[in-house]
Structures are given as structure tokens and as C-alpha cells.
Amino acid sequence: MPLSDLHNMPRRGDEKISPTKLAAAQYIITAVLVVLVMGLWRLQVLGAANYRLLAEANRVRKVPILAPRGRLFDREGRLLVDNYSSVTCFLLREQMKDGDLPMIADGLHLPLEQLQYTLHHFQYAPKYQPIPLKQDITPDEQAFISAHANELPELETLEEQRRLYPRDGFAAHLIGYVGEISEQDLNNPKYAYYEPGDVVGKSGVEQSYDALLRGKDGSRDVIVNSHGREIGRLGEEMATPGKDLKLTIDLDIQTVAERVMEGKNGGLVAMDPHTGEILAMVSRPAFDPNQFAVRLSKSYWNGIITDPNHPLLNKAIQAQLAPGSTFKVVMTLAGLQENTAQNLHVVCNGGVDFYGHFYHCDRHHGPVDIHSALPYSCDSYYYTLANKLGIDTIAKYGHMVGIGQKTGVDLPEEAAGIMPSPQWKLKAQHQPWYAGETISVGIGQGAVQASPIQLARALSGIASGGAMVRPHSVFADELPPDVLQEIQEAYPGSGEKQIEITPENWQIVTDDMANVTQSPIGTAYEAHLEGIDFAGKTGTADVISGRQKGTADKATLPNAWFVGMTPRRNPDIVVAVLWEHGYWGNNSAKLAAQVINAFVEKRRKQAGNLRLEQAATPQPTPAPVKPADEAAKPTATAKPSDAGTPPTKPSKPASTPTASAPAVDKPKTIPAA
């Protein structure tokens with residue numbers, strides 16, 4: 001190639017970058033710088049506070065201090081429910097390493113599948129939230145966690161107070177139990193401020209008064225190292241313990257009630273009709289609330305939920321069964337107030353005919369009037385009375401005394417029962433009412449259903465001259481006014497009210513109830529108590545069509561009811577007993593009599609001790625003795641009343657018991673049939 005051509009060739013360095021490429025490169029560099037500047041601004045300025053907290057969390061951890069629940073006492077200040085120290089193991093997922101689960105499961109004596117299920121259950125919870133692995137761990141499990149602190153930094157322990165309940169299910173249904181809050185509870189606005197893992201009341205008083213009993217948790221700020229182990233403390237906010245509560249139950253009366261119901265299936269409630277204070281409440285079979293205080297075992301849970309006798313059901317307030325002849329007290333009141341029963345005379349020949357059907361009575365009672373009908377518990381009389389009154393009038397008085405309505409007791413899931421009427425049947429069954437159904441309702445059968453606490457309130461309210469009270473298990477003066485109002489709104493019912501009963505009718509009804517237990521012809525005479533004005537009414541309620549009292553199949557035996565009180569007018573205590581498949585009502589009367597007797601004997605003993613204390617107290621100097629002629633002059637004395645008059649509202653008795661037992665007002669003598 002000629003040398004001149006060689007000089008004319010373009011050189012590599014002489015190549016020029018196009019303006020378009022140069023501009024694109026400049027824009028890219030500028031964009032990258034902008035992104036970097038914005039990222040630095042976001043990290044160092046906008047996110048400074050957030051990252052400062054995260055950095056602080058790397059060395060400071062907030063450890064909760066759980067508040068102990070308030071303790072529960074009986075009405076005399078005797079401890080019923082306490083707390084005990086327990087250690088729970090938690091898992092810190094931020095510190096967890098792959099492959100640690102088998103070692104953790106082995107050290108905590110837990111199935112590996114259970115650990116995996118627990119982690120899956122909390123998979124959507126925040127990573128910083130500790131997961132409870134095992135409650136109430138043993139000393140050897142605590143030693144395992146300490147010995148493997150470096151290998152398993154994700155394991156943490158926390159000391160807390162756990163519930164210690166009475167043994168053998170004592171008052172279990174009234175007290176209730178606690179348990180870990182469920183996902184369903186967390187969706188309830190009532191538990192808006194609760195978190196997963198919190199322990200809450202699940203039934204009974206524990207549930208009703210959970211907000212007072214649970215207290216307020218505290219926290220402790222601790223310094224941790226890179227392995228998550230505590231190396232120091234910064235500060236502490238102490239927990240506020242829950243409020244102690246004094247229940248209305250009497251430990252002595254509750255103990256007797258528990259004993260008489262042992263081995264039976266049913267419920268018992270004892271109440272002060274003046275105030276509505278529950279003195280004892282038993283439901284059988286019972287459960288052990290201590291099993292719920294720690295993580296509930298699957299075998300125990302399956303055992304109680306498959307038990308056909310329903311041990312979790314509080315039968316004192318939730319059993320809805322035909323009340324049988326205890327309903328005849330309501331029928332007696334209705335017949336007297338409507339001026340129908342006073343002159344009603346029936347000849348009982350073992351039953352009566354109505355609407356082409358023969359309605360049986362247990363016996364041939366012969367001539368029966370209003371004074372003998374209740375002690376005899378003559379079905380023929382009440383069949384006839386029901387036919388004369390009609391279902392609308394019967395339903396009116398049933399509703400008046402609270403049948404078919406909740407009482408408003410401060411315990412969860414109270415049943416309302418049923419007081420049938422044409423309107424009720426049309427709404428519930430879309431069928432008309434038939435006249436023959438009224439006959440069955442007249443003896444507490446058919447569609448009528450009630451719970452023991454309903455009958456206790458209804459019959460004691462009648463015996464108190466119409467003063468109906470709201471049953472409750474915690475003293476009102478134990479509660480702040482706003483909490484008391486919340487409880488009454490949360491557990492609505494017929495509550496406190498006054499129904500009209502004339503003095504004459506009040507005396508007839510209460511005398512008739514006294515004759516049930518104190519007259520030889522009364523159905524509960526075997527349960528009468530010497531020296532105690534014991535009144536009440538038995539009930540034998542069929543559980544299937546037709547009488548089956550002689551059969552060997554226990555499931556077909558009638559339910560045995562009894563509601564009793566002392567004294568017969570303005571009673572100080574009422575006891576309602578339901579013994580499922582207990583055969584005859586007088587069997588339940590014998591159980592109630594033991595509770596009544598324990599109550600009276602305790603008051604007599606307290607009154608005797610009071611007299612001894614008064615005798616030991618120095619007496620003031622006596623006044624000068626009057627002359628003989630003046631001393632001989634008679635002084636005016638108060639004339640005792642015969643029947644008295646019904647109170648206008650419930651009156652609370654004095655806190656100090658009277659110095660004598662309830663006076664015995666002899667029942668009217670009834671000739672044998």
C-alpha cells in the first residue's frame with residue numbers, strides 16, 4: 001500500500017461518540033445518583049426514628065410482667081380460689097435456628113407434631129411476639145433450658161401466677177375456670193384489647209367478672225446480647241394485681257349442698273330471697289377447673305365433651321326441663337288471684353276426663369279443695385283448675401313470676417326456659433294451640449320448661465308476698481357503680497319487681513306449702529324438720545310419655561324436683577333441687593331438707609354465741625326497783641300478728657343473725673282423705 005494511502009486512513013482515537021449516546025449516558029448516571037440520594041434521605045432522615053427503634057430492639061427487649069388474677073372468697077372471707085407461681089416456656093422466633101425443633105421437643109417432653117402445630121398456629125403473628133410453648137414446666141425442664149442457653153437462645157421462660165381451684169370440682173360451675181383466649185374470642189369486641197396467649201375467664205364468675213379479676217400487666221426492659229440473652233436491666237413497670245372479690249356463697253352451706261348432690265345428676269341452688277344472694281350452687285356431674293388452668297389435655301377434653309351427662313353444663317341455671325308439680329304453686333296463686341280456686345271442689349277418682357281423653361292422677365284422693373290440693377299434689381284438681389283458667393291466664397301468671405324468662409343472674413349462658421302460650425306455639429311451631437295442651441300445662445308438664453334458679457326465685461317470691469329479686473353471686477358493694485351497671489346490662493332478666501298478691505291469698509298459698517312438708521298427707525312429709533317452719537313443693541316430672549316409675553331403665557325414670565324454704569312466709573332461704581331421673585319428688589325434698597337444716601343450725605349456733613358474748617359484756621347498772629304496787633301494774637305488750645302482710649319490696653336482713661330460730665307457724669290441719 002502506498003504511504004500516502006496509509007496517512008489517509010482514520011485513526012482509532014479520532015472516532016467520536018454520538019451526541020445521542022452521550023446524552024443517554026448522562027441521564028442514566030444522573031438517575032442513579034438521584035436514586036442513591038433519595039435512598040440515603042429515606043434511610044437517614046425519614047426512617048431515622050424507625051431504625052433507631054429497631055436498633056434499640058437489638059439490645060433492649062420488653063419482657064411482660066403478668067398480673068396475678070384477683071382471688072375469690074366466700075361471704076365470710078374464707079379463701080376459695082388462690083394463685084400459685086408457675087413458669088411458662090416461650091419461643092422467640094427471631095432467635096430460632098433451623099433444626100432446633102427436635103431438640104426442643106425432647107427437652108420439653110412435647111410431641112414434635114405439637115410443636116409444629118403451635119408454630120403453624122402463630123405463623124401470621126408478628127415475628128417479635130413470643131410464642132407460648134408449654135405452661136407450668138417442671139424443674140427438670142427449667143434446668144434443660146438453662147443448660148442449653150447458648151445452643152437454644154430462642155427459648156425463654158416467664159414466671160406467672162396460675163389459678164388454684166378447690167379440689168373435686170367444688171363450686172366449679174359457679175366459680176368457672178380460665179383458659180387461653182381463642183381466635184373466636186379475639187373477634188369479639190368484648191376482647192378488643194386482648195392479645196393471643198392471654199388468659200381469660202371462660203365460665204362462671206371468672207368470665208362474668210374477668211375485667212376486674214385479670215388486673216393490668218406490667219413490663220420489664222432488659223438488655224440482651226447478640227445471642228438474645230439477658231445481660232442487664234433498664235427499667236420496670238410493675239403489674240397491677242386483679243381485684244379480689246367476695247362471693248355471696250356460704251362455704252358451710254356449699255359444702256352440705258355438694259355432699260347431698262354427690263353421685264347424682266342434676267342441680268341445686270340455695271338463695272336468700274330477701275336479697276337474691278346465692279348461698280350455694282351445685283351442678284352434677286362436675287369438672288375439675290384445675291385441668292383448665294394449664295394447657296388442657298386432649299384426653300380430658302374429649303372425655304368431658306362426650307359425657308352424655310354434660311359436666312360442663314351448669315344445670316342450676318341452664319337445665320330446661322318440665323318442672324312437674326312444683327308449677328302447681330303458680331297454678332294455686334293464679335286460681336286464688338282470679339277468684340276461681342276458692343270455691344273449686346273436685347272429687348278425684350284417679351283422674352278426670354277432658355276433651356275425650358282421660359288424664360290420670362297418681363292416686364284416688366277423693367274430695368279435694370284448695371287447702372288439700374297442694375299437699376296432696378292432686379293432678380285431678382289442677383287439671384280442672386287449668387281448664388277453668390285457660391292457657392292465657394296461666395301464661396300471664398307464669399310470666400309474672402318469671403317462668404320463661406331469664407332471672408338476670410350474673411352468670412353466663414343462663415337459660416330462659418319456656419312458658420307456653422298460643423302466641424308462643426304459633427311463633428315457635430307454626431301451629432295453633434289445642435285445648436288439651438292446657439290440661440298438661442296445669443301440672444307443669446307439656447311444653448312448660450324451667451331451670452332450678454327460675455323456680456327458686458318464683459316460689460320464694462310468692463312466699464315473700466310477691467317480692468321478686470335478681471339472683472347474684474357477688475356482693476354489689478364489691479363492685480364499682482359502672483361495673484355493676486355493665487353486669488346488669490350484660491345479664492338482663494326479669495330482675496327485681498313486685499307482683500300483686502292479696503294478704504288472704506298469700507296466707508293460703510304459704511300454709512298449703514307448709515302442709516306439703518309438715519302434714520302427714522303432704523308429699524314431702526318424710527322430709528319434715530322438727531322445730532323448723534319448713535315449707536315447699538315436690539315435683540315428679542315425666543321424661544317420656546306415660547309413667548315409667550317401675551321400670552328398670554333409669555333413663556326413663558321421672559325427674560325429681562323440690563323447692564323448699566324456711567320460714568313459710570318471708571323466707572330467709574330457698575333451696576331448689578333438680579335430681580334427673582331421681583324417681584319421686586320427695587327424694588329431692590330430703591336433699592333440700594339437709595341444706596335447710598344446716599342453714600338453720602348455723603344461725604342457731606351463731607345466735608347462741610352472740611348471746612354468750614352479750615352475757616360476757618359488762619351490763620349497765622340496773623334502774624332502781626319500783627315499789628311493789630307499781631311493779632304489779634301490767635305493761636303494754638305488742639300483739640303478735642297472725643299472718644302478717646306481704647312486703648312491698650325485698651328487705652335485707654340484719655347482718656347479725658337473730659337470737660332465735662324461725663318461729664314455727666303450725667299449718668292448717670287437713671283431714672285424711
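A distance of 11.0 Å separates CE of Met468 from CD of Glu496, quoted to the nearest 0.5 Å. One finds the CG atom of Leu336 at 10.5 Å from the CD atom of Glu504 (value rounded to the nearest 0.5 Å). To the nearest 0.5 Å, the span separating CD1 on Ile596 from CD on Glu601 amounts to 12.5 Å. Once rounded to the nearest 0.5 Å, the distance linking CG of Leu80 with CG of Leu245 reads 11.5 Å. Taken to the nearest 0.5 Å, the CZ atom of Phe475 stands 4.5 Å off from the CD atom of Glu277. Going from atom OG of Ser380 over to atom CZ of Arg363 covers 13.0 Å, rounded to the nearest 0.5 Å.
A distance-only check finds a donor-acceptor pair linking the side chain of Glu414 to the backbone of Thr407 [under 3.5 Å]. A distance-only check finds no donor-acceptor pair linking the side chain of Asn586 to the backbone of Ala589 [under 3.5 Å]. A side-chain donor-acceptor contact under 3.5 Å links Gln454 to the backbone of Ala416. In this structure, Asn587 contributes its side chain and Gly582 its backbone to a donor-acceptor pair below 3.5 Å. Between the side chain of Gln337 and the backbone N or O of Glu500, at least one donor-acceptor pair lies under 3.5 Å. Thr326 places a side-chain N or O within donor-acceptor distance of the main-chain N or O of Pro323, the cut-off being under 3.5 Å. For Thr566 (side chain) and Asp533 (main-chain N/O), a donor-acceptor pair under 3.5 Å exists by modelled atom type. Listed for the Lys264 side chain is a donor-acceptor partner under 3.5 Å among the backbone atoms of Val260. For Ser421 (side chain) and Asp392 (main-chain N/O), no donor-acceptor pair under 3.5 Å exists by modelled atom type. At distances below 3.5 Å, not a single donor-acceptor pair connects side-chain atoms of Glu206 with backbone N or O atoms of Ile175.
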Check: Going through the distances and angles, do Lys396 and Thr393 end up as a side chain to side chain donor-acceptor pair (under 3.5 Å)?
Finding: CA-CA 5 Å; Lys396 167 189 169 184; Thr393 300; over 6 Å; no
Next item on the list: Please test Ile443 against Phe327 for side-chain contact (heavy atoms from CB on, under 4.5 Å), starting from the C-alpha separation and ending with a verdict.
Entry: CA-CA 6 Å; Ile443 62 166; Phe327 189 73; over 6 Å; no
Notebook entry, point to check: Can you check side-chain contact (heavy atoms from CB on, under 4.5 Å) on Val448 and Ile418, steps first, answer last?
Noted result: CA-CA 5 Å; Val448 61; Ile418 297 174; over 6 Å; no
Next item on the list: List the steps, then state whether side-chain contact (heavy atoms from CB on, under 4.5 Å) holds for Val469 with Asp272.
Entry: CA-CA 9 Å; Val469 296; Asp272 182 344; over 6 Å; no
Check: What's the verdict on side-chain contact (heavy atoms from CB on, under 4.5 Å) for Leu578 and Leu268, showing C-alpha distance, side-chain angles and the deciding distance?
Finding: CA-CA 6 Å; Leu578 163 64; Leu268 180 152; over 6 Å; no
Notebook entry, point to check: Between Arg167 and Asp288, is a salt bridge (charged side-chain N to carboxylate O under 4.0 Å, His left out) present by the stated rule, with each step listed?
Noted result: CA-CA 7 Å; Arg167 292 180 298 176; Asp288 182 6; over 6 Å; no
Next item on the list: Any chance you could lay out the side chain to side chain donor-acceptor pair (under 3.5 Å) test for Ser494 and Arg470, step after step, and finish with the verdict?
Entry: CA-CA 8 Å; Ser494 51; Arg470 178 194 291 268; over 6 Å; no
Next item on the list: Please report the C-alpha distance between Ser325 and Ser377 in whole Å, then the side-chain angles of each, then the deciding distance to 0.1 Å, and finally whether the side chain to side chain donor-acceptor pair (under 3.5 Å) criterion is met.
Entry: CA-CA 7 Å; Ser325 294; Ser377 195; 3.2 Å; yes
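For Tyr397 and His399, the gap between ring centers reaches or exceeds 6.0 Å. Annotation: Tyr583 is not in aromatic contact with His581 [ring centroid separation under 6.0 Å not met].
Around the CD atom of Glu76, the shell of radius 6.0 Å holds more than 12 heavy atoms that belong to other residues, nucleotides or ligands. Remark: Asp353 CG is packed, more than 12 non-hydrogen atoms of other residues, nucleotides or ligands lying under 6.0 Å away. Counting non-hydrogen atoms of other residues, nucleotides and ligands closer than 6.0 Å to CD of Glu413 gives a total of 12 or fewer. Atom CZ of Arg75 has more than 12 heavy atoms from other residues, nucleotides or ligands within 6.0 Å. For NZ of Lys425, the number of neighbouring non-hydrogen atoms (other residues, nucleotides, ligands) closer than 6.0 Å is greater than 12.
Salt-bridge annotation for Glu258 and Arg284: present, with a side-chain N of the basic residue lying under 4.0 Å from a carboxylate O of the acidic one.
Residues Val282 and Gln254 have side chains in contact (heavy-atom distance under 4.5 Å, counting atoms from C-beta outward). Met513 places a side-chain heavy atom less than 4.5 Å from the side chain of Val329. At least one side-chain heavy atom of Asn314 sits less than 4.5 Å from a side-chain heavy atom of Ile317. Between Arg457 and Ile403 there is no side-chain heavy-atom pair separated by less than 4.5 Å. Inter-residue side-chain proximity for Trp433 and Ile391 is flagged as met; some heavy-atom pair is nearer than 4.5 Å. At a threshold of 4.5 Å between non-hydrogen side-chain atoms, the residues Ile508 and His371 count as touching. The closest side-chain heavy-atom distance from Phe599 to Val256 is not below 4.5 Å. Between Trp579 and Ser588, the closest side-chain pair of non-hydrogen atoms falls below 4.5 Å.
The minimum heavy-atom distance between Ala463 and Trp506, with the atom names listed, is O-NE1, 2.9 Å. Residues Ser460 and Ala456 approach most closely at OG-O, 2.6 Å, considering heavy atoms. The two residues Ser464 and Pro571 come nearest to each other via the heavy atoms OG-CD, 3.5 Å. Summarising the geometry of Leu174 relative to Ser473, their closest heavy-atom pair is CD1-CB, 4.3 Å, with the distance given to 0.1 Å. Contact record, Asp307 with Pro311: CB-CD, 3.5 Å, taken as the closest heavy-atom pair. The heavy-atom pair separating Lys537 from Leu374 by the smallest distance is CE-O, 3.6 Å.
Side-chain contact of Thr332 with Tyr382: a donor-acceptor pair under 3.5 Å is present, judged by distance alone. For the residue pair Asn387 and Thr384, no side-chain donor N or O sits within less than 3.5 Å of a side-chain acceptor on the partner. Remark: the Thr538 side chain and the Thr523 side chain contain an N/O donor-acceptor pair separated by less than 3.5 Å.
Considering Gln318, His173, Met281 in turn, Met281 is the only one that fulfils the side-chain contact (heavy atoms from CB on, under 4.5 Å) rule with Leu411. Of the candidates Lys605, Arg259, Lys602, Lys602 is the only one forming a salt bridge (charged side-chain N to carboxylate O under 4.0 Å, His left out) with Asp252.
Classification of the Tyr525-His528 ring pair by plane angle, with boundaries at 30° and 60°, yields parallel. Between Phe287 and Tyr177, the ring planes lie perpendicular to each other; the angle is over 60°, past the 30° to 60° tilted range.
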